[in-house]
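Notes to accompany the following structure.
Side-chain atoms are counted along with the backbone in the values below, which use heavy atoms only and exclude waters and symmetry mates. This one's a predicted model, so the numbers in the text were calculated from it and none came from an experiment.
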Amino acid sequence: MPVFILRGACRAPDGQIGPPLFEETITAATPSEAIRLANAHDLSTKDERANALWLVDAQGVLHWSLRRADRD
């Protein structure tokens, strides 16, 4: 089954995104399933500074991104 990586980082007021503060592996059959699983994650236990989230596949292709404020 394909592997995807959910990452979170701090997005500065000028839009610059810093290095990942956390990475979590998600295994899913399709990108849409991986996105659904990423949205279902409880991020309250992750680094609170992470206000930018994104999901990439094993080749580094971006499949989803979100500003944390849009979710909360």
Quiz item: Are I35 and V56 joined in one hydrophobic group, where the rule is that I, L, V, M, F, W and Y side chains link up if heavy atoms are under 4.5 Å apart?
Solution: no
Exercise. Compare every heavy atom of F22 with every heavy atom of L53, then report the nearest pair and how far apart it is.
Key: CD2-CZ, 3.8 Å
Quiz item: For R7, which residues count as a salt bridge (Lys or Arg N to Asp or Glu O under 4.0 Å) partner, sequence neighbours excluded?
Solution: E23
Practice problem: Locate the shortest heavy-atom distance separating G8 from W54; write the atom from each residue and the value. | Solution: C-CZ3, 4.2 Å
Quiz item: For L21 and A50, which heavy atoms make the closest approach, and how far apart are they?
Solution: CD1-N, 3.7 Å
Quiz prompt | Atom pair OG/CD1 of S65 and I17 - distance to nearest 0.5 Å | solution = 7.5 Å
Quiz item: Closest approach of P20 and A9, non-hydrogen atoms and distance?
Solution: CA-CB, 4.1 Å
Exercise. Give the minimum heavy-atom separation between A38 and W64, together with the two atoms involved.
Key: CB-CZ3, 4.1 Å
Quiz item: Quick one: CG on N39 to CG on L55, what's the gap to the nearest 0.5 Å?
Solution: 9.5 Å
Practice problem: With sequence neighbours excluded, tell me which residues meet side-chain contact (heavy atoms from CB on, under 4.5 Å) with T30. | Solution: S32, E33
Quiz item: Which distance, rounded to the nearest 0.5 Å, do you find between the CD1 of I5 and the CD1 of I26?
Solution: 10.0 Å
Exercise. Return yes if some donor-acceptor pair links the side-chain N/O of N51 with the main-chain N/O of R11 below 3.5 Å, else return no.
Key: yes
